[in-house]
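For reference, the structure discussed in these notes is given below.
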Amino acid sequence: MYREGDLDEYKGYNIPREVEVAWCEEFVMMHAKELSIRNWDAVIHLEALSRSYQDSTILEKVVAFAARNTMSADSLVKLMYAEGIIRIIQACRNVVSRDLLFEACKVTVRLFESIMSGPLVLDPGHELSQASIKDKKSLNSRALKGIEEIRGLLN
């Protein structure tokens, strides 16, 4: 908004904070319904939203979906969900309960371990280059780096 020059115009409308919060809640629910093991667009949108609207509901929705569905996903989807969860945790750290933090970390580590222990699996249309990865070794390296980030979040 700021870069396009629309921020001043938006501020001129004096939209109440309660309305903005309601809009954010609608965005969370809309993108939570779009979560899919076929792509990671929705988790990217929720992660971006979590940077400006810190709400534990975002993390709850993504973690619940990841725990139920991503273990059958391809390696790249698992990586993108796990890294997305880490970024959401970092953005919402102050509003997330300890139990939710531990659950999110547990699910994320499970995803990373699944990536490292299993074979490289990619669904049609998914390429390692989409995540700047060359091979299984670099995929495992990213997963290991993610586990280290989780350790840092818990300390």
Side-chain angles (χ1 to χ4, degrees), residues 1-4 20-155:
M1 246 184 175
Y2 178 76
R3 281 185 250 161
E4 289 83 30
E20 288 180 336
V21 168
W23 288 344
C24 288
E25 289 170 357
E26 287 177 32
F27 280 133
V28 169
M29 298 314 289
M30 179 182 74
H31 291 302
K33 290 177 185 174
E34 295 172 356
L35 291 169
S36 168
I37 63 168
R38 301 239 184 258
N39 67 57
W40 50 88
D41 293 340
V43 79
I44 290 172
H45 291 297
L46 288 168
E47 178 217 325
L49 184 59
S50 72
R51 281 182 259 147
S52 58
Y53 175 65
Q54 289 81 33
D55 185 1
S56 63
T57 305
I58 297 170
L59 185 61
E60 287 172 17
K61 298 288 185 188
V62 174
V63 168
F65 179 85
R68 285 190 318 267
N69 301 296
T70 56
M71 293 311 281
S72 63
D74 74 14
S75 303
L76 196 53
V77 170
K78 289 178 187 178
L79 179 71
M80 300 312 274
Y81 267 85
E83 289 180 343
I85 290 171
I86 289 173
R87 290 188 294 269
I88 293 169
I89 291 170
Q90 291 168 337
C92 298
R93 180 75 191 251
N94 297 333
V95 297
V96 172
S97 71
R98 193 164 180 79
D99 290 339
L100 179 56
L101 175 65
F102 286 142
E103 179 64 22
C105 290
K106 184 173 77 172
V107 168
T108 306
V109 167
R110 214 174 329 140
L111 286 171
F112 285 134
E113 288 174 344
S114 172
I115 291 168
M116 292 188 306
S117 65
L120 174 60
V121 178
L122 292 175
D123 288 342
H126 292 171
E127 301 291 330
L128 290 176
S129 60
Q130 291 173 294
S132 302
I133 297 173
K134 295 178 187 174
D135 55 14
K136 173 72 171 155
K137 184 177 178 181
S138 57
L139 179 69
N140 286 350
S141 176
R142 283 265 292 265
L144 191 58
K145 180 183 171 214
I147 290 173
E148 292 301 320
E149 284 186 63
I150 292 291
R151 284 191 183 123
L153 288 170
L154 292 174
N155 292 333

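The side-chain hydrogen bond (donor to acceptor under 3.5 Å, both in side chains) contacts involving residues 26-36 comprise His31-Glu34, where partners must be two or more places apart or lie in separate chains. Residue pairs meeting the ring pair (Phe, Tyr, Trp, His ring centres under 6.0 Å) criterion with at least one member in residues 89-125, sequence neighbours excluded, do not occur. Pairs of residues two or more places apart, or lying in two chains, that qualify as ring pair (Phe, Tyr, Trp, His ring centres under 6.0 Å) and include a residue from residues 123-155 are Trp40-His126.
Side chains of Met116 and Ile147 form a contact here, defined as non-hydrogen atoms less than 4.5 Å apart. In this structure, Leu79 and Ile133 have side chains that are in contact, with non-hydrogen atoms separated by less than 4.5 Å.
Between the side chain of Ser75 and the main chain of Ile115, no donor-acceptor pair closer than 3.5 Å is present. Looking only at distances, no side-chain donor or acceptor of Asp55 sits under 3.5 Å from a matching main-chain atom of Ile58.
Residues satisfying the ring-ring contact (aromatic ring centres under 6.0 Å, His included) test with Phe65, not counting sequence neighbours, are Tyr81. Partners of Ser97 under the side chain to side chain donor-acceptor pair (under 3.5 Å) rule, at least two apart in sequence or in another chain, do not exist in this structure.
To the nearest 0.5 Å, atom CG of residue Asp41 and atom CE of residue Met80 are 9.5 Å apart. In this structure, CD1 on Ile150 lies 13.0 Å from NZ on Lys106, to the nearest 0.5 angstrom. Note that CG of Leu46 is 11.5 Å distant from CZ of Arg51, once rounded to the nearest 0.5 Å. For the atom pair Thr70 OG1 and Ile37 CD1, the distance stands at 8.5 Å (nearest 0.5 Å). Atom-to-atom distance recorded for Leu139:CG and Leu120:CG is 6.0 Å, nearest 0.5 angstrom. Residue Glu83 holds its CD atom at 11.0 Å from CG of Leu111, rounded to the nearest 0.5 Å.
Each of Lys136, Lys137, Arg142 was compared with Asn140 under the side chain to side chain donor-acceptor pair (under 3.5 Å) criterion, and only Lys136 meets it.
Minimum interatomic distance between Ser56 and Leu100 (heavy atoms only, all atoms of both residues): O-CD2, 3.7 Å. In this structure, Ala104 and Thr108 approach most closely via the heavy-atom pair O-OG1, 2.7 Å. For the pair Asp74 and Val121, the tightest heavy-atom approach, listed with the atom from each and the gap, is CB-O, 3.1 Å.
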Would you tabulate the side-chain donor-acceptor contacts of residues 87-96 under 3.5 Å, counting partners in other chains and residues two or more places apart, or write 'none'?
from: Arg87; atom 1: NE; to: Glu47; atom 2: OE1; distance (Å): 2.9
from: Arg87; atom 1: NE; to: Glu47; atom 2: OE2; distance (Å): 3.1
from: Arg87; atom 1: NH2; to: Glu47; atom 2: OE1; distance (Å): 3.3
from: Arg93; atom 1: NH1; to: Leu153; atom 2: O; distance (Å): 2.8
from: Arg93; atom 1: NH2; to: Leu153; atom 2: O; distance (Å): 2.9

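Between Glu113 and Arg110 there is no salt bridge, since no side-chain nitrogen of the basic residue lies less than 4.0 Å from a carboxylate oxygen of the acidic one. Salt-bridge check for Glu148 with Arg151: passed, with a basic side-chain N closer than 4.0 Å to an acidic carboxylate O.
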